[in-house]
Amino acid sequence: MLSIKNTVIIWENEVNYKIMAIYKFDEVLNDLMDYFILGDPDYLLQYKIENNLPDDLLTEFTTEETGDQVVEEGVIVPMIGIENYPYTVYFNLSNETPELLKPENEVQHHRDGYCLKVVNGKIYLYTIPYLRDFTETRIDTLKKYKHAAIELPNGWYAVTILAGLTKQLFEVENVSGETEVFESMEPTFEFILKPSSEKPDYTADFTYPFKVEA
């Protein structure tokens, strides 16, 4: 489920505006694979068609240099070493302190140097099985079932990835019908997205494992 923690509207030239916010998603699953992918899936499909790549992008990206190219060109941001947990996921477009850097939380990974291009106004956090048959039909399925997604203006973004544990509150109804509130440290990813007027330099190590110790 999506929640928006904070929204600030910044006016530019009294005509155009942009929304800077923190978006939160609960219970984001990795589909039993140790991989997450962040990106605009329609742009990846466009890239596949323009470069005459096969539908099986999983094999293509793991056996050919196109796997490196698609990351360095900002088509996707891959994350490996993902443990099989339900994750809390934040998309942070604000200038506030990131959730994982707040005192009550525990950051375990802090990596920057990623770049991402948005062409179709929306990005998703999805999983590697979708790459096995990357077609329009498969993308429709991705959009239907992958709820960790936000709308973004088209263009370039510099991306920082934080991973670790955040304090979350849960409401549970007991046998008496009363609601009890519990605290728990939950595995979390936070994506800090900063718009850029041009392609940011790609300096990240996409072989870095994002294993969260819960």
Looking only at side-chain N and O atoms, does Ser184 offer a donor or acceptor that is under 3.5 Å from a partner on Glu186?
yes

Looking only at the side chains, is there a donor atom on one of Ser94 and Asn92 sitting less than 3.5 Å from an acceptor on the other?
yes

Considering only heavy atoms from C-beta outward, does the side chain of [X] approach that of [Y] to under 4.5 Å?
X      : Y      : result
Met79  : Ile161 : yes
Phe61  : Leu131 : yes
Asp26  : Lys24  : yes
Leu165 : Asn105 : no
Ile139 : Leu45  : yes
Phe189 : Leu125 : no
Tyr87  : Glu27  : no
Ile150 : Leu93  : yes

Look only at the side chain of [X] and the backbone of [Y], and say whether a donor-acceptor pair between them is shorter than 3.5 Å.
X      : Y      : result
Asp205 : Thr207 : yes
Asn51  : Tyr47  : yes
Asp40  : Ile123 : no
Glu99  : Thr166 : no
Ser196 : Glu198 : yes
Asp112 : Thr160 : no
Gln108 : Glu213 : yes
Asn154 : Gly121 : yes

Would a hydrophobic clustering, with Ile, Leu, Val, Met, Phe, Trp and Tyr connected at side-chain separations under 4.5 Å, put [X] with [Y]?
X      : Y      : value
Val107 : Tyr114 : no
Tyr145 : Ile128 : yes
Val181 : Met185 : no
Val212 : Leu100 : no
Ile49  : Val70  : yes

List the steps, then state whether side-chain contact (heavy atoms from CB on, under 4.5 Å) holds for Ile192 with Val159.
CA-CA 6 Å; Ile192 301 172; Val159 182; over 6 Å; no

Excluding sequence neighbours, so at least two apart, what forms salt bridge (Lys or Arg N to Asp or Glu O under 4.0 Å) with Glu65?
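Partners of Glu65 under the salt bridge (Lys or Arg N to Asp or Glu O under 4.0 Å) test: none.
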
Under 4.0 Å between a Lys/Arg side-chain N and an Asp/Glu carboxylate O for Lys48 and Asp56?
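Salt bridge between Lys48 and Asp56, a charged N being under 4.0 Å from a carboxylate O: no.
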
Minimum heavy-atom distance Cys115-Glu72, with the two atoms named:
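Minimum heavy-atom contact is SG-O, 3.8 Å.
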
For a quick test of reading the model, state the closest non-hydrogen atom pair linking Gly39 to Leu116 and the distance between them.
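It is CA-CD1, 3.8 Å.
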
Sequence neighbours excluded, the answer for side chain to side chain donor-acceptor pair (under 3.5 Å) partners of Asp42 is Lys143

Residue list, side chain to side chain donor-acceptor pair (under 3.5 Å) with Tyr208, at least two apart or on another chain
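His109.
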
Determine, step by step, whether Ile80 and Asp34 satisfy the side-chain contact (heavy atoms from CB on, under 4.5 Å) criterion, reporting the C-alpha distance in whole Å, the side-chain angles of both residues, the deciding distance to 0.1 Å, and the verdict.
CA-CA 6 Å; Ile80 68 172; Asp34 65 341; 5.6 Å; no

According to ring pair (Phe, Tyr, Trp, His ring centres under 6.0 Å), who are the partners of Tyr126, at least two apart in sequence or on a separate chain?
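By the ring pair (Phe, Tyr, Trp, His ring centres under 6.0 Å) rule, Tyr126 matches no residue at all.
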
Nearest 0.5 Å please: distance from the [atom1] atom of [X] over to the [atom2] atom of [Y].
X      : Y      : atom1 : atom2 : value
Tyr202 : Asp68  : OH    : CG    : 8.5 Å
Leu32  : Asn84  : CG    : CG    : 5.0 Å
Tyr35  : Ile37  : OH    : CD1   : 6.5 Å
Met33  : Phe36  : CE    : CZ    : 12.0 Å
Leu38  : Tyr124 : CG    : OH    : 12.5 Å
Leu152 : Asn120 : CG    : CG    : 12.0 Å

Residues, nucleotides or ligands: over 12 heavy atoms within 6.0 Å of Glu104 CD:
yes

Could you go step by step and tell me if Val119 and Gln46 meet the side-chain contact (heavy atoms from CB on, under 4.5 Å) rule?
CA-CA 10 Å; Val119 175; Gln46 176 185 329; 4.0 Å; yes

With ring pair (Phe, Tyr, Trp, His ring centres under 6.0 Å) as the rule and sequence neighbours excluded, what pairs involving residues 151-183 come up?
none

Please report the C-alpha distance between Asp55 and Glu60 in whole Å, then the side-chain angles of each, then the deciding distance to 0.1 Å, and finally whether the side-chain contact (heavy atoms from CB on, under 4.5 Å) criterion is met.
CA-CA 9 Å; Asp55 291 343; Glu60 174 71 20; over 6 Å; no

Classify the angle between the aromatic ring planes of Phe25 and Phe91 as parallel (below 30°), tilted (30 to 60°) or perpendicular (above 60°).
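Phe25 vs Phe91 ring planes: perpendicular.
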
For Glu183, check side-chain contact (heavy atoms from CB on, under 4.5 Å) against everything at least two apart and list the hits.
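Result, side-chain contact (heavy atoms from CB on, under 4.5 Å) vs Glu183: Lys167, Leu169.
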
